[in-house]
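Start at 1 and go down the list; that is how both ligands and their atoms are numbered.
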Amino acid sequence: MEKSGTQLIAEITEAVKKCGEIMKNADRSEANIEQKAGHANFVTAYDKLIQKTIQGLLYEILPEAVFVGEEEDVHAQIEKGYSFIVDPIDGTTNFIKDLKQSAISVALLKDGKQYIGVCYNPYLDEVFTAEKGCGAFLNGQPIHVSNSPLEQAIVGFGTSPYNPERWDKTFEMVKDYMAKALDVRRMGSAVIDLCNVACGRYEIFFEMQLSPWDYAAASLVVKEAGGIVTMLDGETPLTFDKPCSVFARNMD
Ligand code: IPD
Ligand code: CA
Ligand code: CA
């Protein structure tokens with residue numbers, strides 16, 4: 001018998017919590033930091049270890065699903081059947097700096113469309129979950145985006161650190177929001193930023209370029225919490241087979 005969404009969320013939650021222990025108990029002297037392509041783009045032994053661990057656990061949960069992970073070039077076709085899209089550590093620079101603002105993100109897609117999202121910040125023991133059409137939850141409690149207007153908004157943003165050609169436009173937008181909103185924030189984890197919109201801590205989050213593993217799970221959490229997520233033009237839906245801009249907000 002096919003597993004229900006509720007069952008899958010429970011099992012994926014257990015898996016991300018196991019991996020959260022690895023993140024929390026990491027020995028930074030063993031992190032073996034390597035530079036990837038682009039400005040300040042790092043991978044550590046823990047990104048790789050968590051990805052390998054979660055891949056094994058997710059295989060036990062849903063063996064028929066293909067797996068896409070940020071590290072080690074693990075890619076697959078996602079348009080048919082089930083696919084997991086995983087970021088083992090979102091906020092690797094935060095992790096390296098021990099800022100305690102990093103998350104594990106697992107999205108499950110069905111025929112290329114978002115079905116389930118699970119995002120876990122082990123430092124706060126916060127798990128954000130959503131199933132398409134069934135609402136969004138923080139540690140099992142229903143969550144909703146805030147109803148504050150722009151003048152009372154906290155605007156989270158990402159700098160697209162690996163894409164310097166995006167920086168001018170990013171900071172132009174930040175300056176503009178600074179004048180119109182309450183204040184701006186740069187947390188260092190797009191997954192946590194999006195979850196902050198979902199539960200009403202932020203009203204807006206934007207980043208000019210992100211990859212599917214950064215938003216495949218958390219953007220579903222925002223939408224199921226009553227928010228709107230598109231590309232920066234305000235209308236184009238996000239793509240899950242290639243990078244795009246992300247603009248999440250509580251209202252239009
Ligand atoms: C990064 C974080 C960061 C965002 C970058 C992402 P990573 O993910 O989400 O906040 O600004 O664009 O790539 O590399 O730490 O998994
Ligand atoms: Ca990421
Ligand atoms: Ca990552």
Side-chain angles (χ1 to χ4, degrees), residues 16 19-20 22-23 26 28 31-55 67-75 84-107 117-123 128 155-167 169-171 173-174 184-198 201-202 204-222 229 231-232 238-240 242-248:
V16 293
C19 291
I22 303 177
M23 203 194 290
R28 258 161 208 78
N32 194 18
I33 302 163
E34 292 169 48
Q35 171 89 46
K36 298 197 287 185
H39 172 92
N41 192 6
F42 304 110
V43 58
T44 72
Y46 286 100
D47 297 74
K48 294 179 189 174
L49 174 63
I50 293 174
Q51 178 162 307
K52 202 161 153 237
T53 308
I54 196 99
Q55 185 171 7
F67 183 91
V68 176
E70 178 179 10
E71 309 306 342
E72 311 276 37
D73 232 357
V74 184
H75 297 293
F84 284 113
I85 302 185
V86 169
D87 196 337
I89 302 183
D90 182 62
T92 294
T93 305
N94 282 355
F95 172 76
I96 292 168
K97 296 284 190 183
D98 202 16
L99 274 166
K100 299 186 167 53
Q101 287 292 337
S102 304
I104 300 164
S105 174
V106 176
V118 177
C119 305
Y120 184 52
N121 176 350
Y123 301 106
F128 291 85
V155 179
F157 70 103
T159 51
S160 298
Y162 321 138
N163 305 92
E165 69 283 4
R166 311 281 190 197
W167 297 350
K169 174 81 181 138
T170 298
F171 284 99
M173 285 181 65
V174 169
V184 296
R185 297 284 184 274
R186 197 297 192 247
M187 184 73 78
S189 159
V191 170
I192 295 177
D193 289 321
L194 285 163
C195 290
N196 281 338
V197 174
R201 294 171 184 159
Y202 289 1
I204 293 172
F205 165 72
F206 77 91
E207 185 152 0
M208 296 210 55
Q209 186 164 331
L210 285 169
S211 293
W213 40 80
D214 299 314
Y215 53 75
S219 64
L220 181 65
V221 178
V222 175
V229 191
M231 292 192 203
L232 264 177
L238 305 186
T239 47
F240 300 105
K242 55 175 180 293
C244 67
S245 62
V246 174
F247 177 33

| field | Short side-chain to backbone donor-acceptor contact, Glu207 and Ser160, under 3.5 Å | value | yes
| note | For the Ca ion (ligand 2) the protein N, O or S atom count under 3.0 Å stands at 3
| query | Among all residues two or more places apart in sequence or in another chain, which pass the ring-ring contact (aromatic ring centres under 6.0 Å, His included) test with Tyr120? | reply | none
| Any side-chain donor-acceptor pair under 3.5 Å between His39 and Asn41? | no
| said: Among Val246, Leu232, Asn163, Thr159, which residue satisfies the side-chain contact (heavy atoms from CB on, under 4.5 Å) criterion with Met208? | reply: Leu232
| message | Within a 6.0 Å radius of atom NZ on Lys97, are there more than 12 heavy atoms belonging to other residues, nucleotides or ligands? | response | no
List of N/O pairs, ligand 1 versus protein, all under 3.5 Å?
| unit_1 | atom_1 | unit_2 | atom_2 | d |
| --- | --- | --- | --- | --- |
| ligand 1 | 8 (O) | Asp90 | OD1 | 3.0 |
| ligand 1 | 9 (O) | Asp90 | OD1 | 2.8 |
| ligand 1 | 9 (O) | Asp90 | OD2 | 3.3 |
| ligand 1 | 9 (O) | Ala190 | N | 2.9 |
| ligand 1 | 10 (O) | Arg186 | NH1 | 3.0 |
| ligand 1 | 10 (O) | Gly188 | O | 3.1 |
| ligand 1 | 10 (O) | Ser189 | N | 3.1 |
| ligand 1 | 10 (O) | Ala190 | N | 3.4 |
| ligand 1 | 11 (O) | Arg186 | NH1 | 3.2 |
| ligand 1 | 11 (O) | Arg186 | NH2 | 2.9 |
| ligand 1 | 11 (O) | Glu207 | OE1 | 3.2 |
| ligand 1 | 11 (O) | Glu207 | OE2 | 2.6 |
| ligand 1 | 12 (O) | Glu207 | OE2 | 2.6 |
| ligand 1 | 14 (O) | Tyr162 | OH | 2.7 |
| ligand 1 | 15 (O) | Gly91 | N | 2.8 |
| ligand 1 | 15 (O) | Thr92 | N | 2.8 |
| ligand 1 | 16 (O) | Glu70 | OE1 | 3.3 |
| ligand 1 | 16 (O) | Asp87 | OD2 | 3.2 |
| ligand 1 | 16 (O) | Ile89 | O | 3.1 |

| Under the 3.5 angstrom rule, does the side chain of Tyr215 hit a backbone N or O of Thr239 as a donor-acceptor pair? | yes
| field | Residues in ring-ring contact (aromatic ring centres under 6.0 Å, His included) contact with Phe95, at least two apart in sequence or another chain | value | Tyr46
| query | Side chains of Ser105 and Asp90: do they bring a donor and an acceptor to under 3.5 Å? | reply | no
| message | I'd like to know if Lys48 and Glu70 make a salt bridge, using a cut-off of under 4.0 Å between side-chain N and carboxylate O. | response | no
